[in-house]
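Here the structure is laid out as structure tokens; the discussion comes afterwards.
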Amino acid sequence: MALRCYTPRVLVEVAVAAAVRGRFTYRVPSALAPGVSLGQRVAVPFGKSRRATGYVVGFPASAPDGIELRDVVEVLDPFPPFTPELVELLRWAEEYYLVPPGELLRAALPPGLNARRGEAGPARRGVEYAAPAEAAAGAAADPKALARAPAQRAVLEYLLARGRIPVEELRAAFPKGRPAVAALARRGLVRLETETPVARGALLPASAAAPVLTPAQAAALVELDAAAGTFQPFLLHGVTGSGKTEVYLQAIARARGAGKGALVLVPEIALTPQLAGRFRARFGDDVALMHSGLSDAERHAEWLRLRRGDARICVGVRSAIFAPVQDLAIIVVDEEHDPSFKQEDGPPYHARDLAVVRAKREDAVLVLGSATPSLETLENARAGRYRKLELPARVDDRPLPEVELVDLGRLRRGGVAKLPGLLAPQLSEAIARTLEASQQVILFLNRRGYETLVVCEVCGAEAQCTECAVSLTHHARRGILLCHYCGRTERMDARCPACGGVRYGVGVGTEQVEAAVRELFPAARVARLDRDVVTSADDTAAVLARFARRELDVLVGTQMVTKGHDFPGVTLVGVVLADTALALPDFRAAERTFQLLTQVAGRAGRGAEGGRVVVQTFNPRTPAIALAARHDYAAFAAGELDRRRTVGYPPFTRMMAARVEGSEDGARRSAEALAHAARPALGGEVAMLGPAPAAIERIRGRHRWHLLFRADGPKALFRVHAALARVAVRPPGGAAIRFDMDPYSMM
DNA sequence: AGCACGCCGACT
DNA sequence: GTCGGCGTGCTC
């Protein structure tokens, strides 16, 4: 009976974008059938009197037994927002990162698209045409043939009159004619064809000339070239200022010359107009940008340009790993060690790791670039899984800046009790000399605010957030105490609310550094760059542009000042306190510190004048700091890899975190329930750490517990996860549980 | 996530 | 007696 005709898409597998684990099978009504393809968003009935948005992730041949199938209600986009390759990548990622089906598809779409509803655009590159087939005239002439299908008849008559026309025109003429056209095509009365346009590569404006490469750059490019068309991962290890970006640009130019596409991932704060401008200058409109500074509408527009093939190069942050670049030939991950490639809020995934997966699936060359490669990537290169390319020298053979360590502990023991803005004499003298020479200074401190802690000198009470288990930061200019986790503010009172005693602040932040610099150097033009001063990408760009035009002498800031910018006027970089990242409860703390120091030191001496770096620290002998000062990545990495191997941490093991959040009682009970369910599944291969309250025990009034699992490979971790599934779906006491594969944040 | 079902405590 | 707490199951 079942006429399993070969018309495909009778059944679809739909990942429902609700927090429901599982994919569901639906029937496709024949009227909707032509519009349903892989990656399409659809509306489906779900549960009792509910409607859900879902994503088409497959076309099963048969339905599960004993279930009455329901019908797809509506197709939400005129064309699927994802390419089939992306659907497969997202499915893979959902499984690996333990994310419910559909959740990554939803997260991957630009918010503008999810909110609005897809805008018209062709499903394939090129122009689609419709033309009447041989039988059409006969059918139209026969009064009976289409008697009961007036819509089809109207379309057919239009087509007979106009001949072969773009489908776009037909859509305009018959806004609701989509099913009619599809029906006519099925009857063989209308032909639909796609005309692929000529490769656009040759038509591009090459406004910015490519500079001459150094021998090391040229050698790297030769290797990348030789790998074209195959999956081949490279680690491009180049010191700061060695010209990695130029290698990317030229490798991408080759890919474009072959008519193929490229994807470039950059860290969050690195996607400045400066970098974007370099790509735009070289490739013009062929570049689509994807970053958080764009409005929803802009992001949506960029996504569509890629999807249609109007732009073939995507430059973007983390989420751009899911950008619909056509015919991908090369993926570049710049500053591959950067932690912003790991998504922490929302479905957790690591864009750099997914870049490896995507490159493999699409036979693309992969370039992981960094001056301080992550130990994961280094180990992959060492084991021969990645090819290593080295750029050991800066362009024009400029030397790396000299780094001077200032031992704050010794200063303090020597009787220098208080340093205004924590600027030691060595550093403030260096600033003075730099300003005298009309050169520029960058001061880096990874902490916002004026003072990081406010304490009562009588009762010792510390100003704490009522909702979070953290101390409040004093922001002097705004006159407030601010919680950096939930954003709550309190008026800053010089007196202790508990006992009326006088309070004093401890711990220097960027605001205090800025104040100290202004006081010490009243003539200097000083600006600060952190999340307190700039709120948008545009603000950030404006400050950086003023600094680049040398309208500012000193730039004080957080990590925002460390990334990717090229300021030839900067001859002095001061690190106010190198130890902030060192104390974090995180096995990557040392690695992170080394990377930050190297990165910020690399801002100095990019011009002809050479450069100098002054690093203030209480731990001058700690390898992460001492070796960063000597620019000795190899020694640091070797030592740190040894340590990781000894204590059994990544890259030599894999980890999975279970993060629990809820009421005090619910979170604890859920964590215990998880541990209880996990124990029998550990099987001697998996080590369980915890359950324990998280490093920050409470955020926004929600109590937090962590469990960490560690094993030699992901397989055993998946097994543990499976054993936890039942508890995780409905944890006791209304808590919420999130799994995190390859976790970065230990907080 | 929602929504129904079902089984035990304190209330008009 | 029942109103309502939340534990459990289900959604194609």
Side-chain angles (χ1 to χ4, degrees), chain A residues 2 4 7-33 35-76 87 90-91 94-95 97-109 111 114-115 345-348 658-677 700 702-703 705 721-740:
Chain A
R4 180 124 302 150
T7 315
R9 12 225 95 165
V10 188
L11 300 178
V12 277
E13 190 183 20
V14 175
V16 177
V20 181
R21 223 156 249 286
R23 301 186 178 86
F24 300 87
T25 309
Y26 286 87
R27 273 185 319 205
V28 183
S30 56
L32 296 181
V36 174
S37 43
L38 202 63
Q40 197 96 38
R41 288 187 317 149
V42 290
V44 291
F46 195 67
K48 198 142 193 184
S49 74
R50 261 203 310 156
R51 217 179 135 177
T53 302
Y55 299 86
V56 175
V57 292
F59 298 102
S62 63
D65 288 341
I67 284 169
E68 181 119 4
L69 294 186
R70 300 171 78 179
D71 283 357
V72 171
V73 175
E74 194 187 346
V75 177
L76 294 176
V87 174
L90 284 154
R91 279 187 72 154
E94 284 174 347
E95 270 173 39
Y97 289 109
L98 311 169
V99 169
E103 217 171 88
L104 263 184
L105 283 110
R106 182 175 46 174
L109 277 186
N114 263 333
D345 35 58
R659 306 177 190 278
V660 185
E661 235 183 72
S663 66
E664 185 166 15
D665 181 60
R668 184 184 39 77
R669 273 166 59 208
S670 299
E672 279 162 6
L674 283 175
H676 182 75
R700 291 175 201 274
R702 313 255 297 159
H703 290 255
W705 284 69
H721 173 260
L724 299 181
R726 201 162 303 163
V727 182
V729 168
R730 204 182 298 279
I737 293 171
R738 291 186 309 120
F739 289 96
D740 188 357

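Below, chains carry the letters A, B, ... as their sequence lines are ordered, and counting in each starts from 1.
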Could you tell me the separation between the [atom1] atom of [X] and the [atom2] atom of [N], rounded to a whole number of Å?
X        : N      : atom1 : atom2 : answer
A:Arg669 : C:dG7  : CZ    : P     : 7 Å
A:Tyr55  : C:dC12 : OH    : C1'   : 18 Å
A:Glu68  : C:dC10 : CD    : P     : 18 Å
A:Arg730 : B:dC3  : CZ    : P     : 13 Å
A:Arg726 : C:dG7  : CZ    : P     : 17 Å
A:Arg70  : C:dC10 : CZ    : P     : 17 Å
A:Leu69  : C:dC12 : CG    : P     : 10 Å
A:Phe46  : B:dA1  : CZ    : P     : 12 Å

For [X] and [Y], work out which heavy atoms get closest and say how close.
X        : Y       : answer
A:Phe46  : A:Ala52 : CB-CB, 3.9 Å
A:Gly35  : A:Gln40 : O-OE1, 2.8 Å
A:Pro101 : A:Glu94 : CA-OE1, 3.3 Å

Which part of the nucleic acid, if any, lies within reach of A:Pro732 when heavy atoms closer than 4.0 Å are counted: base, sugar-phosphate only, or nothing?
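A:Pro732: no heavy atom of the nucleic acid under 4.0 Å.
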
N-O pairing of A:Glu672 and A:Arg668 below 4.0 Å
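Between A:Arg668 and A:Glu672 there is a salt bridge, with a charged N closer than 4.0 Å to a carboxylate O.
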
